[in-house]
Amino acid sequence: MEFPGHFNYWIVIVMMMAGFYVVISQGNLVKKVVGLNIFQVSVFVFYISMGKVDGGTAPIIHPDWTTYTNPVPSVLILTAIVVGVATTALALALVVRIRRAFGTIEDDEIEAQEEAQS
Amino acid sequence: MITLGNDVILASDILNVVLLVLMLITALSLIFLRNLFAIIMMSGIFSLTAAVLYVVWDSVDVSFTEASVGAGISTVLMLATLALTAPEEKRIRQRHWASLAVVTVTGALLGYATIDMPRYGDPEAPVNKHVAPRYIYESGKEVGPPNMVTSTLAAYRGYDTLGETTVIFTAAAGVITIIGAARRRRRTSADVSKVREV
């Protein structure tokens, strides 16, 4: 059974790069955080995709089944999802704080204000 | 079940491809959107589609965490931020050829790296060897709960979970410090002006 083969990994890479592009090229800070989120979820998808086993079922012990999907990526990603939300919250708090200090969340306007001050 | 030449295509494989393409479209649409509310909703849709995909890949625990925490709490946090900041991105900026080049090169390198990887669903893949068989076949006896993810999370990898709680605590402390400090300062300056008036 060769299909889907490496298809999942390629799509994940394109999604990751879309997130990466948003982070490095867009000026709006909220949009940057969303881009980071997309990057993160793509990595989660990649991990969970690797743990799938042909003909396996969810990793819960049942007498009728002997093949289970790998529980290790699930455990790692459960931790990563929660940590991801924690970092997102911190990033958004910084955005709110920046908005209070500068009155804008566009990075070029912030830069212009900082140059005007110095 | 459909046969295509020598390959057997399962319904779950078709679902896999369709959902991944849906996620891809959502991710790419983010680049072109300007309204921040729409962008945040797209990010929520992206997370929810990922949650459905995890069910297709038999990782049900991750699925409900993604649906509640990833799609739920993240989206609410972003909407709260939106309420405190501007609703729209200022303007579409000119194409960034430099960042486009960086992204293309990185993507091409990562794509090149996947050639060596085992195919999707391979039971012989390195990721499914090493410690995984012990967690699958021994955790029922060694730890107890029928759900292997629970036993791995709480027993074999308990320190990871402890570290996770530390990270959450640190982030919460950080958020309170960043937002709370500004509010306190504003109150103090208001008090000072009141004193001056007196």
Side-chain angles (χ1 to χ4, degrees), chain A residues 1-6 8-11 13-15 17-18 20-22 24-25 27-28 30-31 34 37-38 41 45 48-54 56-61 68-72 74-75 77-79 81-83 85-86 88-90 92-97 99-100 105-106, chain B residues 7-9 13 20 24 27-28 30-31 36 39 43 47 50 54 57-62 65-66 69-70 73-74 77 81 84-86 89-90 93 96 99 103 107 110-111 114 119-121 123 127-128 132 135-136 140 146-149 152-153 157 160 164 167-168 171 174-175 178-179 182:
Chain A
M1 200 165 70
E2 280 303 305
F3 181 80
H6 286 166
N8 290 3
Y9 307 145
W10 298 332
I11 296 281
I13 289 168
V14 179
M15 292 193 300
M17 289 307 115
F20 188 29
Y21 181 78
V22 171
I24 62 178
S25 76
N28 188 293
V30 172
K31 202 170 176 184
V34 172
N37 220 20
I38 297 293
V41 175
V45 168
I48 300 293
S49 170
M50 284 198 297
K52 170 78 176 132
V53 174
D54 286 340
T57 185
I60 298 167
I61 297 172
Y68 299 102
T69 287
N70 192 348
V72 180
S74 299
V75 171
I77 296 312
L78 275 178
T79 309
I81 289 175
V82 177
V83 169
V85 169
T88 306
L90 199 61
L92 291 173
L94 280 170
V95 172
V96 171
R97 187 72 188 80
R99 160 84 177 180
R100 271 191 202 146
I105 50 169
E106 304 285 333
Chain B
D7 290 354
V8 178
I9 298 174
D13 290 339
L20 270 173
L24 183 65
L28 291 177
L30 277 173
I31 299 172
L36 286 177
I39 289 170
S43 152
S47 279
Y54 300 154
W57 293 331
D58 298 332
S59 304
V60 283
D61 304 81
V62 188
T65 310
E66 178 73 46
V69 178
I73 298 181
S74 281
L77 284 174
T81 312
L84 294 169
T85 55
E89 194 181 7
K90 281 281 158 61
R93 295 158 42 111
H96 295 255
S99 31
V103 166
L110 288 172
T114 61
R119 68 173 175 84
Y120 164 79
V127 67
N128 298 328
Y135 293 168
I136 292 174
N147 188 336
M148 297 155 203
V149 176
T152 312
L153 195 75
R157 293 194 164 269
D160 281 12
E164 175 195 332
V167 171
I168 298 167
V175 169
I178 292 166
I179 299 185

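Heavy-atom basis, side chains included; hydrogens, waters and symmetry copies ignored.
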Find the one option among A:Gly51, A:Ala86, A:Ala18, A:Pro59 whose heavy-atom pairs under 4.5 Å with chain B are most numerous.
-> A:Pro59
When only pairs under 4.5 Å are counted, which of A:Val45, A:Val96, A:Ile105, A:Ile11 shares the most heavy-atom pairs with chain B?
-> A:Val45
For residues A:Asn8 and B:Trp57, determine if any side-chain heavy atom of one lies less than 4.5 Å from a side-chain heavy atom of the other.
-> yes
Do A:Ile61 and B:Met148 touch side chain to side chain, with heavy atoms closer than 4.5 Å?
-> yes
Working to the nearest 0.5 Å, report the span between CD of A:Glu106 and OG1 of B:Thr85.
-> 10.0 Å
Heavy-atom nearest pair, A:Gly56 first then B:Asp58, reads O-OD2, 3.1 Å
Pick from B:Val69, B:Val60, B:Thr81: which one has the most heavy-atom pairs with chain A under 4.5 Å?
-> B:Thr81
Find the one option among B:Ile168, B:Ile73, B:Leu30, B:Asp61 whose heavy-atom pairs under 4.5 Å with chain A are most numerous.
-> B:Leu30
Given B:Glu66 and A:Ile77, is the side-chain contact (heavy atoms from CB on, under 4.5 Å) satisfied, shown in steps?
-> CA-CA 9 Å; B:Glu66 178 73 46; A:Ile77 296 312; 5.8 Å; no
Any A:Met17 side-chain heavy atom under 4.5 Å of B:Leu110 side chain = yes
Could you tell me the separation between the CD1 atom of A:Ile38 and the OG atom of B:Ser47, rounded to the nearest 0.5 Å?
-> 7.0 Å
Residue among B:Ser99, B:Ala171, B:Ala50 with most heavy-atom pairs under 4.5 Å to chain A = B:Ser99
With side chains defined as the heavy atoms from C-beta onward, is the minimum distance between B:Leu36 and A:Asn28 less than 4.5 Å?
-> yes
Begin from the C-alpha positions of B:Ile178 and A:Leu90 and carry the test side-chain contact (heavy atoms from CB on, under 4.5 Å) through to its verdict.
-> CA-CA 9 Å; B:Ile178 292 166; A:Leu90 199 61; 4.1 Å; yes
Apply salt bridge (charged side-chain N to carboxylate O under 4.0 Å, His left out) to B:Arg157 and list each qualifying residue two or more places apart in sequence or on a separate chain.
-> B:Asp160
Nearest heavy-atom pair of A:Ile13 and B:Gly107: which atoms, and what distance?
-> CG2-O, 3.6 Å
Given B:Ile31 and A:Val22, is the side-chain contact (heavy atoms from CB on, under 4.5 Å) satisfied, shown in steps?
-> CA-CA 6 Å; B:Ile31 299 172; A:Val22 171; 3.7 Å; yes
Any donor-acceptor N/O pair, A:Lys52 side chain to B:Tyr54 backbone, under 3.5 Å | no
Report the C-alpha separation of A:Thr79 and B:Leu153 in whole Å, then their side-chain angles, then the decisive distance to 0.1 Å, and conclude whether the side-chain contact (heavy atoms from CB on, under 4.5 Å) test is met.
-> CA-CA 9 Å; A:Thr79 309; B:Leu153 195 75; 4.2 Å; yes
Quick one: are B:Leu20 and A:Met15 in side-chain contact, heavy atoms under 4.5 Å?
-> yes
Which heavy atom of A:Asn37 sits nearest a heavy atom of B:Ser43, and at what distance?
-> ND2-OG, 3.5 Å
How many angstroms lie between atom CG of A:Asp54 and atom OH of B:Tyr120, to the nearest 0.5 angstrom?
-> 8.0 Å
Quick one: what part of A:Thr88 sits under 4.5 Å from any heavy atom of chain B, side chain, backbone, both or neither?
-> side chain
In terms of heavy-atom pairs under 4.5 Å, which option from A:Val72, A:Val14, A:Val53 contacts chain B the most?
-> A:Val53
Which distance, rounded to the nearest 0.5 Å, do you find between the CD1 of A:Ile81 and the OG1 of B:Thr65?
-> 5.5 Å
Out of curiosity, A:Asn70 CG to B:Asn128 CG, how far, rounded to the nearest 0.5 Å?
-> 4.5 Å
